[in-house]
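One is the number of the first residue; the rest follow in order along the sequence. Just the heavy atoms: all of them, side chains too, but no hydrogens, waters or symmetry mates, feed the values below. Predicted model only: the values in this text are computed from it and were never measured. Whatever order the structure lists ligands and atoms in, that order sets their numbers, starting from 1.
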Amino acid sequence: MTQEAIKTSIFDLFKIGPGPSSSHTIGPMKAAYDFLQRAKASAQSTTLHQPKIMIHLYGSLSATGKGHGTDRAVIAGLLGWLPDTCEPTAFTALLKNPDDLYITQVGNYEVSLTARNIVFERKRYESPHPNTLVFKLIENEQIVLGEEYYSVGGGFIQRKGEDAQAQNDKEPVFGFTTMKELKEHLAKQKITLTELMIANEMALTGLSKKEIFQKIDDILEAMHKAVKRGLRQKGLLPGTIKLRRKAPVLYAQAKNTASTTDSFMVFLNAYCMAASEENAAGNIVVTAPTSGASGVIPGVFFLLRNHYHYDKQRLREGMLAAAAVGYLIKHNASISGAEMGCMGEIGSASAMAAAMLAYCAGKSIEIVEAAAEIAIEHHLGMTCDPIGGYVQIPCIERNAMGAIKAYNAYLLAASGNASAQKISLDSVIKVMRATGRDMSKKYKETSQAGLALSATEC
Ligand code: SF4
């Protein structure tokens with residue numbers, strides 16, 4: 001292993017929080033919260049009179065931040081709210097009116113916040129990531145504290161000058177950076193993928209095995225709730241597109257045609273779109289691995305739980321298999337739509353779901369790998385061009401399509417000899433990274449091309 005081992009935790013990948021976008025909502029909220037803590041620390045040693053805070057959003061955050069609720073997210077973070085504990089209705093009510101005023105406490109000082117403190121910068125800004133936020137604490141036109149953050153996808157953030165991996169000084173028991181290394185551990189130690197993932201998670205988080213399974217159950221419960229809520233909700237989604245929710249219609253249709261050959265796919269479509277529509281509405285979902293793709297794995301999981309009647313332990317283990325694939329993509333390519341286009345979001349989710357399906361079905365690690373590989377292969381180059389910057393079109397249907405592709409990837413991988421698969425998971429992830437780099441930035445979460453330009457024709 002030449003690179004530093006992957007240190008991501010399953011609970012960094014699967015996070016509960018409000019929609020609609022992990023990189024544009026959850027990440028910015030966490031960055032704003034972090035800045036607030038640093039501003040408070042800085043206020044201890046500085047005399048302030050009338051401090052103010054300015055937030056500058058660049059790149060994709062500027063291009064599609066309005067539709068993705070980035071402005072609400074930074075206000076929420078600066079008010080001391082965090083994604084997993086904030087109240088979704090209070091969150092969606094933020095900045096309903098342009099003049100809404102909020103007060104946050106920085107040390108002994110009250111600082112006013114309005115929409116005018118947030119600047120959607122149109123000018124070019126040199127930074128290592130397209131999702132960049134700059135926060136400034138200003139006193140008397142002088143910057144007292146300035147911090148730059150990158151929202152690198154899936155709700156992960158990085159502060160300028162900090163190595164994301166270095167934030168955890170613990171080491172995994174079975175270090176790996178590629179599928180090849182992961183499989184070598186399994187063969188050499190004669191352990192299962194579940195045992196490897198649990199040993200690493202325990203070493204990285206200090207949690208016991210029981211606590212890890214409990215937390216996975218909590219994540220699965222949140223996914224289950226998102227699907228159930230979405231199946232019941234009717235009406236229009238927020239935003240100017242006036243898109244009507246479709247999941248309840250599909251669900252009714254699936255129940256009415258339960259004995260036909262179509263029903264399996266219609267049920268799966270309904271489950272994926274239910275969670276995805278909840279995300280679009282700004283309600284609580286689970287990043288899997290991102291909010292934009294938060295319908296794929298929950299939809300597949302709902303199917304496995306309610307139609308296949310898989311038990312709790314099998315589903316937990318499926319989540320660990322999905323996480324292993326998510327780690328490899330995040331570490332060696334990216335799960336960010338702003339870096340990879342939609343192959344980074346729905347493509348990653350589909351590969352993770354394919355691995356989950358194969359692992360839950362008791363298939364070998366070669367089949368798990370092949371399933372994930374096939375799923376990525378058929379998402380290569382997929383653009384991210386959400387209409388109006390809302391995570392609705394094409395995002396909601398994409399979740400259903402990602403799940404259907406995951407299911408087919410699993411079926412294709414499970415037939416024939418998976419060891420003879422010509423393309424490895426590691427190879428396709430490399431291709432994914434190269435493709436993402438080659439794609440025009442117009443197709444990477446900027447809403448400047450593709451479907452986004454067809455908005456007027458809708
Ligand atoms: S098109 Fe895909 S990557 Fe882009 S916002 Fe929608 S789900 Fe996310």
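Per-residue contacts place Cys384 under 4.0 angstrom from the following atoms of ligand 1 (heavy atoms of the residue considered): 1 (S), 3 (S), 4 (Fe), 5 (S). Of all atoms in ligand 1, numbered sequentially from 1 with element shown, those under 4.0 Å from a heavy atom of Arg398 are 1 (S). The Gly292 neighbourhood of ligand 1 comprises atoms 7 (S), with distances under 4.0 Å to a heavy atom of that residue.
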Salt bridge (charged side-chain N to carboxylate O under 4.0 Å, His left out) between Glu147 and Lys160, intermediate numbers included: CA-CA 7 Å; Glu147 295 288 354; Lys160 187 177 181 180; over 6 Å; no
Test log, rule side-chain hydrogen bond (donor to acceptor under 3.5 Å, both in side chains), inputs His68 and Thr25: CA-CA 7 Å; His68 287 61; Thr25 317; over 6 Å; no
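Considering only non-hydrogen protein atoms, atom 3 (S) of ligand 1 sits nearest to Glu345 CD, 3.4 Å.
Residues Leu357 and Tyr308 form no side-chain contact, since every pair of their non-hydrogen atoms from C-beta on lies 4.5 Å or further apart.
With hydrogens and angles left out, the side-chain atoms of Thr177 and Glu181 include a donor and acceptor closer than 3.5 Å.
Taking backbone and side chain together, Cys395 holds no N, O or S atom under 2.8 Å from atom 2 (Fe) of ligand 1. Residue contacts to atom 4 (Fe) of ligand 1: Cys342 brings no N, O or S atom closer than 2.8 Å.
Taking the ring centroids of His129 and Tyr58, they lie at or beyond the 6.0 Å cut-off.
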